[in-house]
Amino acid sequence: MLVFATSDKGGTGRSVTTSNVAYQSALAGNDVCYLDFDFGSPTAGSVFDVDSGRLGVRGGGLHSYLLGNVAEPHRIDVFAETERDSVKDRAYDAGRLILMPGDIGVGEFPSSPEQVRRCATLIKRLIVEFDICFVDLSAGRSYALQMALAAAKQLNGVKTRWLVYHRWTKQHVIAAAALVHGDHGILEAGEDLGFDREELLSSLRFVRTALVDPSRPGLTSQQAVWITEWDGKLQAIAQAEGAGPLWLLHTVPLDPVLQWREQLITAHDVNNIGIANERTADAFKRLSELLLDDKAWEVR
Ligand SMILES: Nc1ncnc2c1ncn2[C@@H]1O[C@H](COP(=O)(O)OP(=O)(O)O)[C@@H](O)[C@H]1O
Ligand SMILES: [Mg+2]
């Protein structure tokens, strides 16, 4: 299974959510690989808390591989290298969790047919080795997204799913929907590459992140009423733009820990020290299950 993580904007929660979903998937026993294709800012290492790759690696990362400078991209074994004891501490039957970081300071680059070929070759190998590969793509109509689409076209027979992350705000909903349905969006760019539009659409779902719960303590009754009303209006906007409930994979609640720190939410955070909400961890776990649940991906 191949999962591309996209968003129109930065700051949607794409990387933090995808990292946590990858983590939950590994805890469930899957061998998981996470490729950091956020070429302009490959900081997935900081979410996984691996010192050797907080901002990417110095040479040998995914940039180096795609640009043809190394034969294999660098790998970081998250469970072995993370600084966090509660991430290290996992059940004996957890799967592997491998991060392939980008390179420090290389940035975005337009992709050539040769780089698309290298990308497809890498993914072809990884989907044999791993149960699930996540590719976290730079935001917007980026070079990374173009490369992913072009490589995906060369991956006949590989089960591929696209996640489009957005915050639950008017601007984010409209932008995320346009990334899919709008000019030079995923569907149009995919069609230009030879994808069947409907088929591509059916492999794509939205994920809403950092949703405020109107019953959350500390809100005034006016705030709770307003949030509930505005939530209804956002639902209508999402529906009108093609990002309605039919196309929604799942939502992730706002979590106080993630507001302050990009990190994996562990059982220790929820149960032992009580800093993270159980509902947040449950949402990541549920997303990891839904990704592999064909029912959630039946043609809409
Ligand atoms: N469910 C959530 N609740 C609160 N904050 C969140 C949540 N998900 C992500 N965040 C925070 O939002 C910010 C942006 O998330 P990030 O994953 O880096 O976005 P992106 O990869 O889309 O740019 C980070 O500080 C992250 O910790
Ligand atoms: Mg990111």
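The figures that follow rest on heavy atoms only: side chains count, while hydrogens, waters and symmetry mates do not. Ligands are counted one by one from 1 in listed order, and the atoms in each one are counted from 1 as well. Because the structure is a prediction, the values reported are computed rather than measured. Starting from 1, each residue takes its place in the sequence as its number.
Legend: side chain to side chain donor-acceptor pair (under 3.5 Å) pairs involving residues 87-103, not counting sequence neighbours, sorted by first then second residue: Ser64-Asp103, Arg96-Glu129. Within the structure, side chain to side chain donor-acceptor pair (under 3.5 Å) pairs that include any residue of residues 249-258 comprise Asp255-Thr280 (at least two apart or interchain).
At most 12 heavy atoms of other shown residues, nucleotides or ligands fall within 6.0 angstrom of atom NZ in Lys285.
Between the side chain of Asp36 and the backbone N or O of Val135, no donor-acceptor pair lies under 3.5 Å.
In this structure, Tyr34 and Phe48 have perpendicular ring planes: the angle between them is above 60°, well past the 30° mark.
Excluding waters, the set of protein N, O or S atoms lying under 2.8 Å from the Mg ion (ligand 2) comprises Ser15 OG.
The cationic group of Arg161 does not satisfy the cation-pi geometry with Phe4, failing either the under 6.0 Å distance to the six-membered ring centre or the 45° limit from the ring axis. A cation-pi arrangement is not found for Arg205 relative to Trp162, the charged atom failing to lie both closer than 6.0 Å to the ring centre and inside a 45° cone about the ring normal.
Enumerated by chain and number, the residues approaching ligand 1 to less than 4.0 Å through a heavy atom are Gly10, Gly11, Thr12, Gly13, Arg14, Ser15, Val16, Arg167, Ala210, Val252, Pro253, Leu254, Asp255, Leu258, Gln259, Arg261, Glu262.
Between the side chains of Thr266 and Asp269, at least one donor N or O sits under 3.5 Å from an acceptor N or O. No side-chain donor from either of Ser288 and Tyr23 sits under 3.5 Å from a side-chain acceptor of the other.
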